[in-house]
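In what follows, residues are counted from 1 in the order of the sequence shown. When reading the values below, keep in mind they use all heavy atoms of this one structure, side chains included, and skip hydrogens, waters and symmetry mates.
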Amino acid sequence: AAYNCLLGVLVLVQSAGGVLRKSLPRATWSAVHRVTGAALLVAAAYNCLLGAAMIGRMETGTKRAYSLVCAATATCAMLGGMMEVQRRRHSTHAKLERKL
């Protein structure tokens, strides 16, 4: 129950951030948005793995499905990490260009 409450709070914070985006300082909004977004992504991955494990316990012949879900979750995490690295490089490069 605590996990579900945490997810509810994170979703509400993200939603409120969208509504309040223009009235908050950009740095504050950006930091809160990134932290809550990352927490929600981790929770989504956990939910995928938890659901696959539950199906594995309830259904017969689904052990391979759990392995596929683990592989897909790991792939999404790696791709997301690579995209974040690329975004940060681009952001840093743009900031350096503005200073020149």
Side-chain angles (χ1 to χ4, degrees):
Y3 176 70
N4 292 332
C5 289
L6 174 65
L7 287 179
V9 168
L10 289 173
V11 167
L12 288 174
V13 168
Q14 280 291 78
S15 300
V19 172
L20 300 172
R21 181 178 176 192
K22 299 284 184 184
S23 62
L24 293 173
R26 182 163 178 83
T28 301
W29 178 85
S30 183
V32 171
H33 183 69
R34 280 194 191 129
V35 169
T36 55
L40 285 169
L41 286 173
V42 168
Y46 176 72
N47 276 344
C48 289
L49 297 173
L50 186 64
M54 287 172 63
I55 288 174
R57 286 191 302 269
M58 294 187 303
E59 303 288 333
T60 58
T62 57
K63 291 205 184 277
R64 183 179 167 121
Y66 181 73
S67 298
L68 290 173
V69 170
C70 288
T73 302
T75 301
C76 288
M78 287 188 311
L79 289 173
M82 290 168 53
M83 290 171 63
E84 178 63 13
V85 167
Q86 185 68 18
R87 185 199 65 79
R88 287 183 183 198
R89 281 187 188 147
H90 177 72
S91 176
T92 302
H93 183 69
K95 285 178 186 176
L96 290 173
E97 282 184 350
R98 275 187 246 135
K99 287 183 178 180
L100 296 176

Roughly how far, to the nearest 0.5 Å, is CD of Q14 from CG of L12?
->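 Those atoms lie 10.5 Å apart.
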Nearest-0.5 Å distance, CG of residue N47 to OG1 of residue T73 |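 Answer for the CG-OG1 pair, N47 versus T73, is 10.5 Å.
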Flag if over 12 foreign heavy atoms under 6.0 Å of CE, M58 =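 Result for CE/M58: enclosed.
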Verify the neighbour count for atom CZ of R87: are there more than 12 heavy atoms of other residues, nucleotides or ligands below 6.0 Å?
->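 Counting other residues, nucleotides and ligands, CZ of R87 exceeds 12 neighbours.
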Quick one: hydrophobic cluster around L41, which other residues, with the 4.5 Å side-chain cut-off, linked directly or via members?
->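 None; L41 is a cluster of one.
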Members other than Y46 in its cluster, when Ile, Leu, Val, Met, Phe, Trp, Tyr link by side-chain heavy atoms under 4.5 Å?
->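 Taking Ile, Leu, Val, Met, Phe, Trp and Tyr as members, Y46 shares its hydrophobic cluster with Y3, L6, L7, L10, V11, L40, L50, M54.
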Might you point out which heavy atoms bring G18 and W29 nearest each other, and give the distance in Å?
->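 The pair with the smallest heavy-atom distance is N-NE1, 4.4 Å.
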